[in-house]
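Contents: one structure, followed by commentary.
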Amino acid sequence: MPTTSPKSQHVLVLNCGSSSLKFAIIDANDGHEIISGLAERLGADAPSIKYKYNGAKTVIELGANQAHAEAINTLVTLIKDHNLDEYLTAVGHRVVHGGEHFTKSVLIDDAVIEGITKASSLAPLHGHANLLGISSAQNSFTGLPQVAVFDTAFHQTMDEVAYLYALPYKLYTDYGVRRYGMHGTSHYYVAGQTAKLLNQPIEQSNFISAHLGNGCSVCAIKDGKSVDTSMGLTPLAGIVMGTRSGDIDPGLFNFLTTQLDYNAKQIDNLLNQESGLLGISELSNDCRTIEEAAVAGHKKAQLALDIFCYRLAKQIAAYMVPLQRLDALIFTGGIGENSDIIRANVIKQLGYLGLNCDEQANLNARFGTQGIISTSDKIPKAVVMPTNEEWVIALDAANIVKEL
Ligand code: AMP
């Protein structure tokens with residue numbers, strides 16, 4: 001049974017992707033996960049919900065083509081069957097794009113829905129799924145406050161010098177075309193935790209945070225605030241990712257359309273689904289598979305790793321321009337938290353910044369452990385810090401509900 005007390009503040013955290021729904025009930029007081037799971041292949045042939053509760057893993061098969069609304073209905077039944085609704089105080093939604101309008105988490109009302117709908121034109125796939133999740137949750141959890149937590153919000157402190165593209169200015173003023181950045185909740189969380197680990201005030205901390213998961217981004221954090229980040233108008237920009245290209249020459253669009261007859265949808269698919277580690281290795285988007293293959297002598301797997309690390313190191317070095325002084329380089333996300341190979345490679349390329357790597361500490365930092373992986377007396381430090389976006393969402397939701 002969950003550890004509930006009258007002080008517990010259980011928040012249902014929902015993270016809707018285009019065909020998936022990640023969920024968890026979290027006690028905002030301590031980040032404890034009471035139940036967590038993932039609904040996959042929503043709207044497709046064989047959708048299912050996998051969840052973990054009390055140490056046991058269960059799979060529920062959904063009917064063919066069932067999507068977000070049905071998954072949330074099943075989730076409601078599940079929550080009620082386990083009597084988990086008793087202490088539920090809010091629903092917290094991860095919303096990918098908040099545009100310029102949302103600089104912090106907000107209680108969802110009609111005006112907020114309108115704002116999210118507007119920002120959705122900048123990230124249609126994610127935005128549509130987020131809105132679906134919100135409306136389904138509103139229908140299923142009537143009376144429970146719903147809070148939106150934006151992936152873009154942390155980056156709203158960037159200066160226009162960092163966020164404007166060198167495009168006709170009117171594209172920004174009339175259509176909002178600019179760098180927004182994503183993974184903000186994660187960069188914010190790991191920066192705060194690293195300041196605690198290093199025992200220094202976050203307001204005086206200069207960090208570069210590398211969130212390396214299936215999606216990857218780097219963030220320059222000056223005096224605790226985001227001053228630049230590698231993702232842009234959409235999550236496609238920046239460093240190499242699992243299946244996304246990151247930055248490319250925009251002239252590629254012309255080449256693909258005029259020489260190879262690609263249309264916009266095919267280009268979007270090429271850059272988002274077929275590129276990155278997968279595109280180069282022609283093997284997998286999964287870093288573990290690539291590392292194993294590289295060790296076994298797979299040349300393109302090794303090349304994919306080399307390009308991934310080189311581009312990441314270059315991006316980190318570039319952020320010394322806005323920061324000037326670096327206190328710590330932070331690794332997080334599935335790759336950042338687990339791959340000693342990638343961490344060691346990147347740190348080695350950045351040796352001239354004063355970064356170095358303690359071999360044993362680097363090997364030890366995995367499976368959710370946090371720690372300093374550089375030799376102890378050196379600044380900047382290299383730090384591994386497990387992210388916990390769900391807890392930030394739960395905390396923000398709980399804090400907003402307290403004010404009601
Ligand atoms: P995320 O999106 O944060 O769940 O991260 C997913 C990525 O983390 C995938 O590319 C995984 O292969 C990678 N990953 C997870 N564990 C390891 C590991 N032990 N070594 C290398 N990569 C890992």
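Keep in mind that the numbers below use all heavy atoms, side chains included, and drop hydrogens, waters and symmetry copies. Just so it is clear, the model here is predicted, and its values are computed rather than measured. Whatever order the structure lists ligands and atoms in, that order sets their numbers, starting from 1.
- Using a 3.5 Å distance cut-off with no hydrogens or angles, the side chains of Q315 and Y310 do not pair a donor with an acceptor.
- Ranking the protein heavy atoms by distance from atom 19 (N) of ligand 1 puts N338 CB, 3.4 Å first.
- The environment of NE2 in H128 is sparse: at most 12 heavy-atom neighbours from other residues, nucleotides or ligands sit within 6.0 Å.
- The nearest heavy-atom contact from the protein to atom 12 (O) of ligand 1 is D286 OD1, 2.5 Å.
- Partners of N388 according to the side chain to side chain contact (heavy atoms under 4.5 Å, CB included) rule, which considers only residues two or more places apart in sequence or in another chain, are Y189, E390, W391.
- Relative to the six-membered ring of Y163, R179 misses at least one condition, a distance below 6.0 Å or an angle of at most 45° to the axis.
- Listed by chain and number, the residues in a side chain to side chain contact (heavy atoms under 4.5 Å, CB included) with T77 are D81 (sequence neighbours excluded).
- The shortest N/O to N/O separation between L212 and ligand 1 does not fall below 3.5 Å.
- If you number the atoms of ligand 1 from 1 as listed, the ones under 4.0 Å from a heavy atom of G213 come out as 1 (P), 2 (O), 3 (O), 5 (O).
- Regarding atom 2 (O) of ligand 1, its nearest protein heavy-atom neighbour is N214 N, 2.9 Å.
- For R178 and Y180, the positive end sits near the middle of the six-membered ring, less than 6.0 Å away and at most 45° from its axis.
- The closest protein non-hydrogen atom to atom 3 (O) of ligand 1 is G334 N, 2.9 Å.
- Closest approach of Q200 to S205, counting heavy atoms only: NE2-OG, 2.9 Å.
- Between G215 and ligand 1, no N or O atom pair is found at a separation short of 3.5 Å.
- Closest to atom 20 (N) of ligand 1 among all protein heavy atoms lies R288 CG, 3.6 Å.
- Under 4.0 angstrom from ligand 1, the non-hydrogen atoms of R366 all belong to its side chain.
- Regarding atom 22 (N) of ligand 1, its nearest protein heavy-atom neighbour is C287 CB, 3.7 Å.
- Here the side chains of I72 and F23 are not in contact, with every heavy-atom distance at 4.5 Å or above.
- In this structure, the protein non-hydrogen atom closest to atom 7 (C) of ligand 1 is I335 CG1, 3.8 Å.
- Within the listing of ligand 1, atoms 21 (C) sit less than 4.0 angstrom from a heavy atom of S339.
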